[in-house]
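Worksheet: the structure to be examined is printed underneath.
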Amino acid sequence: MKHQHSIPRSLNRADRKTLKDAPVRIVFSTHTDDAGNFVLPEGCGGHFFTISAAGDVSSQGLPRAPKASTTVFNGDGYIVRLDLDDPSSPRLSAKLAGVPSLFADEITKNRPGFSTLKFNNFGVSRFSMQLGMRNTVNTAFVPIAKDPEGRWKHARLLIAIDAGRPWEIDTRTLDCVTPVGRNDEWRGDGSMGLPFPTVFSTAHPIWDPTTNDGYMVNFGKGLLDMPDSMPSVHGMKEAGAAARSRARRFFDAVGLSIVGRIKDRLKEGFARAEFDLQEAMPFKTEAMTEFLHLIQWDGVGELKKWQLFRRGDNVPVKVVNSLHQVQLSENHIIVMDTGFQVGMSSVVSQPVPDVPVVDAAFRDLVSRRPDPYLRFYIVRRADLEPGGAATGNPHNGDGRVPCTVVTLPAIAMHFTVDYKERDGLLWMTVCHSSGTCIDGWVADYDQLATNLETPPKGVMGMLPSAAGLSRLAHYAIHPDSGALRHGDVMMREPFQWETALYASPQGFTTHPVPERIEATWWFGFGIWPEVATVAVLDEYAQYPLRMTPRDHVLEDLEHGGCPSSLFRFEHDTSSVEDYYVLDEENRGCVLVSPQWIPKAGADAERSDSKQPAWLMTVVFTGEEKDPAGNWIAKPPEFWLFDAWNLAAGPQCKMVCDDLEVGFTFHTAWLEEIAPWEGAYKVDVRKDYQDRFTLLTSPMAKDVVNGALDEWGRRMRERERPGEDSA
């Protein structure tokens with residue numbers, strides 16, 4: 001085997017401590033001051049945000065113990081803000097996302113007598129049988145531009161996750177100040193009346209600064225759909241579908257096509273009747289029924305929501321895998337059904353963590369690859385307005401709206417949409433990640449693909465290496481018919497090993513939305529032998545629509561893997577026009593979390609996206625071992641690139657020696673930060689106490705009330721004159 005570069009263990013380390021204005025060293029820059037000291041390049045300012053999952057109350061950070069390992073995506077949100085206003089002295093602040101369920105988690109672990117209510121990890125979720133689901137709000141940001149009407153004077157910022165309500169944060173103190181929507185405005189998926197409900201949403205709600213409103217989703221998979229994530233159950237369903245398809249072809253062949261059409265109509269009618277029956281059930285908000293609500297919010301009032309129905313046959317839309325992102329054009333809202341599987345493996349995935357062989361067998365039993373096809377649900381914005389096609393009352397849960405369902409080959413996690421619709425089409429760029437095991441992690445019962453050995457303990461919980469290259473595609477889709485009118489696909493080494501997150505002038509800043517997005521910036525994580533498992537390679541060996549042969553992946557792994565990279569994807573040509581690949585000197589580094597930052601003086605009124613900009617990334621650098629053979633932890637660095645000249649390499653490198661944070665996820669950039677104005681506010685204490693029922697035990701009430709007391713104390717500290725609690 002060629003020399004193997006070790007994946008940075010710092011990707012899997014976090015200490016959860018609060019930082020306030022911690023010093024940041026500029027270790028390299030193309031610019032210096034008169035004294036020869038490094039300073040930020042000209043035109044770089046504002047505030048860069050990123051977020052990570054920093055372990056849980058039991059682990060008190062990362063890494064977890066090998067037998068307690070679970071995915072790094074399961075952990076409390078840890079918000080990091082890098083302030084770039086002072087060109088010679090950047091500062092950094094960081095804080096855990098202090099939501100009430102976090103404080104309930106702490107109470108059940110640390111206070112005597114409450115241990116029977118404690119939360120435990122179940123793969124990607126953390127759950128208490130008496131208290132409910134943790135909302136760890138750890139994935140992404142939603143910037144909200146200041147209101148032209150003056151209802152709020154400064155930019156606002158939400159943090160969000162796929163499994164829970166979004167929360168608004170105070171951008172100055174980083175405190176979680178209010179959830180978006182009351183509990184009774186969200187529908188739980190089997191919450192069973194517990195104080196902390198199980199809510200499935202999206203980590204990427206979207207805010208439109210042009211129309212000054214935002215969109216989210218709320219969905220449920222239903223009790224009967226959960227077992228479909230098990231390979232045996234799904235196999236039986238596929239076998240039944242194949243048998244029905246053969247019968248349909250037979251009827252068509254003998255001239256009895258009408259039989260098939262009658263069956264289709266009966267099936268559609270049954271689906272509508274089944275949904276109406278579920279909606280008529282008492283306590284439907286707590287029942288595990290299938291639904292998909294599109295939510296509209298104006299930033300100050302109550303949520304409006306509509307159930308999606310398929311345009312044409314009026315069948316209620318059911319989520320196949322899960323929902324991760326919402327995007328907007330001038331006339332449409334687009335929701336993507338992603339490659340992250342919500343099912344039995346999400347709810348119960350580590351039944352016996354002290355017996356690895358049992359957990360390994362259980363993973364094989366309940367886990368299957370997600371459905372290989374990507375689905376878009378497209379809603380006309382005009383249909384939500386008075387006189388549109390939407391029906392019912394969007395304020396009481398009876399709203400309904402038609403949508404176009406588009407199916408494309410190969411799953412995906414992220415996409416962009418041009419705001420301007422050209423020729424009546426939606427122009428999209430999609431990253432297909434059909435070889436990436438998004439919801440998996442490296443466990444102590446895994447075997448490495450290169451040598452069949454147990455993975456090193458320092459990588460337990462990390463995302464396993466991809467089993468194939470990702471693909472970037474540029475599509476034009478008719479929003480009413482769903483017809484694909486244009487499609488270019490690119491797959492190129494070494495850039496697209498585990499490509500997932502991107503930077504763009506759309507959605508992650510309060511900068512005006514461009515009419516067109518000519519380019520997006522993506523990172524390739526690379527592939528690393530230390531986290532490449534037999535289980536993932538086997539799972540995806542025969543996966544439909546996968547392009548990279550298993551032998552090709554093994555060959556690259558045998559030669560030491562492939563490096564991390566950063567590249568610019570040009571949409572019109574569907575090609576990589578500019579890139580930076582980690583060279584041999586930096587081969588042990590991993591680039592993550594890219595963020596587009598407009599350079600000072602950039603023309604905010606330009607309708608295109610090709611304006612002067614920086615690109616910030618978080619970089620986990622190569623590590624060395626101490627005399628005892630242990631890896632020496634290093635804080636991540638922040639590298640700044642010229643967005644239009646990545647090949648020139650980083651123009652500035654910064655590091656905060658006090659920061660210990662693991663794999664960072666999504667990012668945001670704000671030109672300014674300001675104390676929370678309270679334009680929107682949920683009564684948090686009442687919101688949770690209203691969930692108490694006759695079945696809520698006195699002990700559970702004590703825990704929830706104690707958590708609310710702690711949350712209220714932090715809010716009072718934040719509001720003290722002249723003080724910040726960050």
Side-chain angles (χ1 to χ4, degrees), residues 46-49 140-149 152 154-158 160 166 202-216 296-299 325-336 376 378-382 384 414-430 474-477 479 501-522 568-572 594-615 643-644 666-672:
H47 307 270
F48 168 80
F49 291 80
F141 298 95
V142 185
I144 298 177
K146 60 184 178 182
D147 182 30
E149 299 176 5
W152 58 90
H154 303 283
R156 299 160 62 183
L157 193 62
L158 310 182
T202 172
H204 294 287
I206 188 73
W207 185 264
D208 188 342
T210 304
T211 58
N212 214 32
D213 61 355
Y215 295 88
M216 302 169 272
Q296 183 186 47
W297 183 52
D298 65 0
Q325 190 177 13
V326 182
Q327 284 283 19
L328 295 172
S329 70
E330 58 184 333
N331 298 317
H332 292 87
I333 306 140
I334 305 97
V335 180
M336 184 168 72
F376 287 117
I378 303 172
V379 176
R380 296 178 190 145
R381 297 173 75 157
L384 304 179
H414 297 109
F415 72 111
T416 70
V417 180
D418 285 358
Y419 194 80
K420 186 71 174 178
E421 298 176 12
R422 306 189 306 278
D423 303 320
L425 303 176
L426 299 173
W427 293 84
M428 302 181 178
T429 295
V430 179
H474 192 219
Y475 297 124
I477 295 173
L501 309 186
Y502 71 95
S504 163
Q506 178 194 56
F508 301 114
T509 78
T510 56
H511 210 65
V513 176
E515 291 184 356
R516 290 184 60 185
I517 303 175
E518 283 89 348
T520 42
W521 291 260
W522 303 78
R568 188 178 79 243
F569 178 68
E570 292 284 343
H571 295 184
D572 286 344
Q595 172 63 40
W596 183 89
I597 299 174
K599 288 186 178 180
D603 184 359
E605 301 303 319
R606 285 180 59 166
S607 61
D608 65 357
S609 60
K610 287 197 170 182
Q611 50 190 303
W614 297 107
L615 201 74
W644 300 103
H666 289 281
T667 58
W669 179 84
L670 298 182
E671 186 174 2
E672 62 173 15

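Distance check: Gln325 CD to His666 NE2 gives 7.5 Å after rounding to the nearest 0.5 Å. The structure places CZ of Phe49 at 7.0 Å from CZ of Phe141, a figure rounded to the nearest 0.5 Å. Rounding to the nearest 0.5 Å places CE of Met428 at 9.5 Å from CE of Met336. Residue Ile517 holds its CD1 atom at 4.5 Å from OG1 of Thr416, rounded to the nearest 0.5 Å. Rounding to the nearest 0.5 Å gives a distance of 5.5 Å between CG of Leu670 and OG1 of Thr510. Atoms CG and CD, on Asp298 and Glu149 in that order, are 9.5 Å from each other to the nearest 0.5 Å.
Considering all non-hydrogen atoms of both residues, Leu157 and Ala668 come closest at CD1-CB, 4.2 Å. Residues Ala643 and Arg568 share a closest heavy-atom pair of O-NH1, 3.8 Å. Shown here for Leu425 and Ala476, the closest heavy-atom pair between the two residues is CD1-CB, 3.9 Å. Between Thr520 and Ser504, the closest heavy-atom pair is CG2-CB, 4.1 Å. Nearest heavy-atom pair across Pro143 and Thr509 is CG-N, 3.8 Å. Between Ala145 and Pro209, the shortest heavy-atom contact is CB-CB, 4.1 Å.
A side-chain donor-acceptor contact under 3.5 Å links His474 to the backbone of His571. Side-chain atoms of Gln506 never come within 3.5 Å of backbone atoms of Asp418 as a donor-acceptor pair (strictly under, hydrogens ignored). Within the 3.5 Å criterion, the main-chain N or O of Gln595 finds no donor-acceptor partner in the side chain of Trp614. Side-chain atoms of His204 do not come within 3.5 Å of backbone N or O of Ala140 as any donor-acceptor pair.
Residues Gln327 and Leu426 have side chains not in contact (no heavy-atom distance under 4.5 Å, counting atoms from C-beta outward). Considering only heavy atoms from C-beta on, Val379 stays 4.5 Å or farther from Tyr215 through its side chain. Side-chain contact between Pro505 and His511 is absent, with no heavy-atom pair separated by less than 4.5 Å. Here the side chains of Arg380 and Asn331 are not in contact, with every heavy-atom distance at 4.5 Å or above. Between Arg381 and Leu328, the closest side-chain pair of non-hydrogen atoms falls below 4.5 Å.
For Phe415 and Phe376, the gap between ring centers is short of 6.0 Å.
A 6.0 Å sphere centred on CD of Glu671 holds no more than 12 heavy atoms belonging to other residues, nucleotides or ligands.
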Determine whether Arg516 and Asp572 satisfy the following criterion, salt bridge (Lys or Arg N to Asp or Glu O under 4.0 Å), listing intermediate values before the conclusion. CA-CA 11 Å; Arg516 290 184 60 185; Asp572 286 344; 2.9 Å; yes

Go through the steps to decide whether Gln296 and Ile333 satisfy the test side-chain contact (heavy atoms from CB on, under 4.5 Å), and finish with yes or no. CA-CA 10 Å; Gln296 183 186 47; Ile333 306 140; over 6 Å; no

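The only member of Trp521, Trp596, Trp669, Tyr502 that meets ring-ring contact (aromatic ring centres under 6.0 Å, His included) when paired with Phe508 is Tyr502.
Side-chain contact, Tyr419 with Glu515: no donor N or O sits under 3.5 Å from an acceptor N or O.
In this view, Val142 and Leu158, Pro205, Trp207 satisfy the side-chain contact (heavy atoms from CB on, under 4.5 Å) rule, not counting sequence neighbours.
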